[in-house]
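Each remark here refers to the structure printed beneath this line.
Just so it is clear, the model here is predicted, and its values are computed rather than measured. Within every chain, numbering begins at 1; the chains are lettered A, B, ... in the order of the sequence lines, protein sequences first and strands thereafter.
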Amino acid sequence: DAMVIQNPRYQVTQFGKPVTLSCSQTLNHNVMYWYQQKSSQAPKLLFHYYDKDFNNEADTPDNFQSRRPNTSFCFLDIRSPGLGDAAMYLCATSRRPGQGREQYFGPGTRLTVT
Amino acid sequence: AQSVAQPEDQVNVAEGNPLTVKCTYSVSGNPYLFWYVQYPNRGLQFLLKYITGDNLVKGSYGFEAEFNKSQTSFHLKKPSALVSDSALYFCAVRFQTGANNLFFGTGTRLTVIP
């Protein structure tokens, strides 16, 4: 089945220690998104790639970076995680950034910062 | 300001009864509206969307939603609730004048009581 896969599902890192979260998709979608979802809150878009074009949200901290080496994979790098970065990180894809297109979400990676 | 709101944090309904999860939006112009469901420790799952056309939209798992332009609402409904419908429901909107960002409501936790 075509799907969005996120690894790992649970990640524990230490304060200040860089961490990378992974997302892959078999849908062959052009757009890949990263969202941050804190407990009992709505998902918040961090950035997205439309093919190789990177689009950062204005309020995304510099501590968060992303890489998309090919169509299938996208990575979220947190350079120096703080306690406030503990959250669920959701990867999503869509075929193109058309306004009416729904997004397909992976299961998420729950990040704990100790 | 453009926004989406889910006025109820929690909705409880007895199994077999109809359910409604409310969503309202504030936007200039025509929005694209979506409903997603999130089960514990899982990503968001697309349920349905309104783009244009018939105001009553049917989606997955027997859910439907009615777009009401005069009331700026997009309430999610189901005629007969199942215990397995218990989850967190998010309304989301993408504005035609905006970019690719999906703006999510704060979510409504639905509990179906056996």
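Results of the ring-ring contact (aromatic ring centres under 6.0 Å, His included) test with A:Phe105 over B:Phe46, B:Phe34, B:Phe90, B:Tyr36 single out B:Tyr36 as the only residue that passes.
Neither the backbone nor the side chain of B:Tyr39 comes within contact range of chain A; no heavy atom of the residue lies under 4.5 Å from a heavy atom of that chain. Of the atoms belonging to A:Tyr10, it is side-chain heavy atoms, and not backbone ones, that fall under 4.5 Å from chain B. Only the side chain of A:Gln37 comes within contact range of chain B, with at least one heavy atom under 4.5 Å from a heavy atom of that chain. Contact of B:Gln38 with chain A is made through the side chain alone, with heavy-atom distances under 4.5 Å.
Annotation: cation-pi pair B:Lys78/B:Phe63 present, NZ/CZ under 6.0 Å from the ring centroid and within 45° of its normal.
Using a 3.5 Å distance cut-off with no hydrogens or angles, the side chains of A:Thr109 and A:Gln11 do not pair a donor with an acceptor.
Listed here is the closest heavy atom pair of A:Val19 and A:Pro81: CG1-CG, 3.9 Å. When every heavy atom of A:Cys74 is checked against every heavy atom of A:Ser66, the shortest pair comes out as SG-OG, 3.5 Å.
Between B:Lys58 and B:Glu64 a salt bridge is recorded (basic side-chain N to carboxylate O distance below 4.0 Å).
Ranked by non-hydrogen atom pairs under 4.5 Å with chain B, the options A:Pro107, A:Gly108, A:Gly106 are led by A:Pro107. Chain A forms more heavy-atom pairs under 4.5 Å with one residue of B:Gly107, B:Ala92, B:Gly43 than with any other, namely B:Gly43.
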Could you list the donor-acceptor pairs under 3.5 angstrom formed by side chains in residues 16-24 of chain B, with sequence neighbours left out?
none

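For a heavy-atom cut-off of 4.5 Å, chain B lies close to A:Met88, A:Leu90 in residues 83-91 of chain A.
Residue B:Val112 is grouped with residue B:Tyr61 when hydrophobic side chains (ILVMFWY) are merged at heavy-atom distances under 4.5 angstrom, including chains of intermediate members.
Checked against the 6.0 Å centroid criterion, the rings of A:Phe54 and A:Phe47 qualify as a close aromatic pair.
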